[in-house]
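The structure under discussion appears below in the form of structure tokens.
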Amino acid sequence: MTAGRLLHLLRAPTGTPSAGPVPASAACRGPPHRQLLRFRHGPAGMRRVPVSCTSTTSERKEGMTYKDAGVDIDAGTELVRRIAKMAPGIGGFGGLFPWGDEYLVAGTDGVGTKLKLAFETGIHDTIGVDLVAMSVNDIVTSGAKPLFFLDYYATSKLDVDLAEKVIKGIVDGCTQANCVLLGGETAEMPDFYAEGEYDLSGFAVGAVKKDKVIDGKNIVKGDVLIGLPSSGVHSNGFSLARRVLEKSGLSLSDQLPRNDGITTTVGEALMAPTVIYVKQVLEIISKGGVKGLAHITGGGFTDNIPRVFPSGLGAKIFSDSWEVPPVFKWLQQARINDLLETLMM
């Protein structure tokens with residue numbers, strides 16, 4: 001499963017069999033391996049929550065799941081249930097507010113524990129790109145064009161040079177998304193954060209004509225599922241990724257081979273900025289035929305794709321139809337090795 005992949009659904013061309021989605025990459029490398037995923041229709045009010053990467057055994061003392069890494073999926077689900085009672089109608093990737101003949105579409109997010117790796121690697125000039133990406137990639141799933149972005153930067157003691165690097169990344173992200181950095185808040189809170197650390201959040205607002213909203217309601221059996229490639233782990237799953245790194249024995253400065261033969265460090269691979277899909281997705285939408293879009297983040301395929309499906313539909317995914325970035329192969333192998341070691345104890 002390649003996290004951070006943004007998927008969209010197109011009407012199947014005439015003569016395309018319903019059981020055969022087109023591959024996510026242009027070049028096929030032998031017979032495709034088909035993975036059938038069946039989804040239950042998500043309830044109204046569903047929000048994005050982390051998903052556990054479960055193993056084949058329930059007797060492990062030290063696992064490599066999100067829960068083992070400190071993220072409680074059940075608690076997140078319970079919070080969603082309670083919020084849905086107070087704010088009915090939530091559940092999309094972005095919230096829609098009627099405004100004349102348009103909807104204003106808003107989304108908010110942070111970058112999670114990827115910040116911990118920013119502190120360890122000293123890479124601060126791209127974390128702002130991640131921040132913008134997580135919100136604009138959500139609101140573009142409705143077909144909305146991002147208009148503006150606001151950020152929140154909090155730290156115990158303001159380091160102006162460090163903050164400037166972070167905010168430059170936010171500006172770069174807004175440029176990529178064709179939106180304006182409208183403003184933000186810088187909060188200096190002594191004793192609240194560790195020395196040299198900071199926290200980030202932000203939100204984006206876009207607009208789409210009411211008759212142009214993409215909501216997945218017209219998706220039918222036989223439509224084609226297409227994936228746009230990620231740059232890596234993007235900005236989700238880092239509690240687990242950091243746990244894998246810890247148990248692998250590797251350091252952030254160790255070399256990690258890339259698919260093109262060029263090497264990079266583990267830290268650089270994990271810190272690769274999230275792809276901002278806005279321009280390419282809006283261009284695809286302008287050509288017509290897009291019926292639904294899903295931003296694949298913390299819940300992976302199984303949590304996010306069903307959010308745009310009408311009840312009763314599932315997806316067939318050809319899991320070898322794209323080139324998997326080396327960082328995912330390394331993460332997967334590290335988890336397999338951990339499982340084998342545990343089973344041999």
Side-chain angles (χ1 to χ4, degrees), residues 4 47-50 69-72 75-76 79 83 87 94-95 104-139 146-206 232-243 245-246 252-253 267-268 270-274 276 278 297-298:
R47 288 159 57 105
R48 185 175 59 250
V49 294
V71 180
D72 190 335
L79 178 60
I83 291 174
L104 296 180
V105 185
T108 185
D109 213 332
V111 292
T113 58
K114 188 172 186 176
L115 284 174
K116 286 289 187 182
L117 292 185
F119 305 148
E120 293 175 29
T121 60
I123 300 174
H124 300 282
D125 55 346
T126 57
I127 200 75
V129 176
D130 293 302
L131 182 67
V132 175
M134 295 304 290
S135 288
V136 297
N137 285 345
D138 270 351
I139 67 174
L147 300 175
F148 60 84
F149 185 84
L150 286 94
D151 71 273
Y152 175 79
Y153 178 96
T155 186
S156 285
K157 182 174 178 57
L158 182 62
D159 180 331
V160 175
D161 292 336
L162 177 59
E164 182 183 25
K165 290 179 181 178
V166 175
I167 294 171
K168 180 184 181 301
I170 295 173
V171 172
D172 291 344
C174 288
T175 299
Q176 293 181 40
N178 263 347
C179 68
V180 176
L181 177 58
L182 197 61
E185 169 70 6
T186 301
E188 191 170 23
M189 299 187 290
D191 305 322
F192 199 82
Y193 298 97
E195 183 179 352
E197 296 190 357
Y198 55 86
D199 197 11
L200 282 178
S201 62
F203 73 88
V205 174
V233 188
H234 282 185
S235 301
N236 283 99
F238 275 87
S239 295
L240 180 58
R242 288 170 46 245
R243 179 65 176 268
L245 176 63
E246 176 188 348
L252 291 169
S253 60
E268 289 168 343
L270 289 172
M271 287 299 296
T274 305
I276 292 180
V278 170
T297 51

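Both backbone and side-chain heavy atoms feed into the values below; hydrogens, waters and symmetry mates do not. What you are looking at is a predicted structure, and each value in this text was computed from that prediction instead of being measured.
- Applying the 6.0 Å contact sphere to CD of Glu164 captures no more than 12 heavy atoms from other residues, nucleotides or ligands.
- Of all non-hydrogen atoms in Thr121 and Gly267, the two that sit nearest each other are CG2-CA, 4.2 Å.
- With hydrogens and angles ignored, the 3.5 Å screen pairs a side-chain donor or acceptor of Ser156 with a backbone N or O of Tyr193.
- To the nearest 0.5 Å, atom NZ of residue Lys168 and atom CG of residue Leu181 are 13.0 Å apart.
- The only member of Ile276, Ile139, Val180 that meets side chain to side chain contact (heavy atoms under 4.5 Å, CB included) when paired with Pro146 is Ile139.
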Exercise for review: Evaluate the side chain to side chain donor-acceptor pair (under 3.5 Å) criterion for residues Asp109 and Ser135: first the C-alpha distance (whole Å), next the side-chain angles of each, then the deciding distance (0.1 Å), finally the verdict.
Suggested key: CA-CA 6 Å; Asp109 213 332; Ser135 288; 5.8 Å; no
Practice item. Would you sort out whether Val132 and Gln176 count as a side-chain contact (heavy atoms from CB on, under 4.5 Å), showing the intermediate values? Key: CA-CA 9 Å; Val132 175; Gln176 293 181 40; over 6 Å; no
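- In this structure, the side chain of Asp138 does not engage the main chain of Gly94 through any donor-acceptor pair within 3.5 Å.
- Separating the OG atom in Ser235 from the CG atom in Leu131 is a distance of 8.5 Å, to the nearest 0.5 Å.
- Listed here is the closest heavy atom pair of Thr155 and Glu197: OG1-O, 2.9 Å.
- Atom CD1 of Ile123 is separated from atom CD of Glu268 by 6.0 Å, given to the nearest 0.5 angstrom.
- Taking a cutoff of 4.0 Å between a charged side-chain nitrogen and a carboxylate oxygen, Asp161 and Lys165 do not qualify as a salt bridge.
- Taken from CG in Leu150 to CG in Leu182, the straight-line distance is 5.0 Å, to the nearest 0.5 Å.
- Partners of Thr126 under the side chain to side chain donor-acceptor pair (under 3.5 Å) rule, at least two apart in sequence or in another chain, do not exist in this structure.
- Enclosure of atom CZ in Phe192 is not indicated, since only 12 or fewer non-hydrogen atoms of other residues, nucleotides or ligands lie within 6.0 angstrom.
- Taking CG of Asp130 as the start and NZ of Lys114 as the end, the distance is 3.5 Å to the nearest 0.5 Å.
- Between Leu200 and Leu115 the shortest heavy-atom distance is N-CD1, 3.9 Å.
- Interatomic distance, Leu270 CG to Lys116 NZ, rounded to the nearest 0.5 Å: 16.0 Å.
- For Gly196 against Leu162, the heavy-atom pair with the smallest separation is O-CD2, 4.0 Å.
- What you find for Leu158 and Ala163 is that their closest heavy atoms are CD1-CB, 4.0 Å.
- Relative ring orientation between Tyr198 and His124 is described as tilted, the plane-to-plane angle lying within the 30° to 60° band.
- Counting only heavy atoms from C-beta outward, the side chains of Tyr152 and Thr108 never approach each other to under 4.5 Å.
- Residues Thr113 and Arg242 meet the side-chain proximity criterion, which asks for heavy atoms closer than 4.5 Å.
- In this structure, Asn236 and Met134 have side chains that are in contact, with non-hydrogen atoms separated by less than 4.5 Å.
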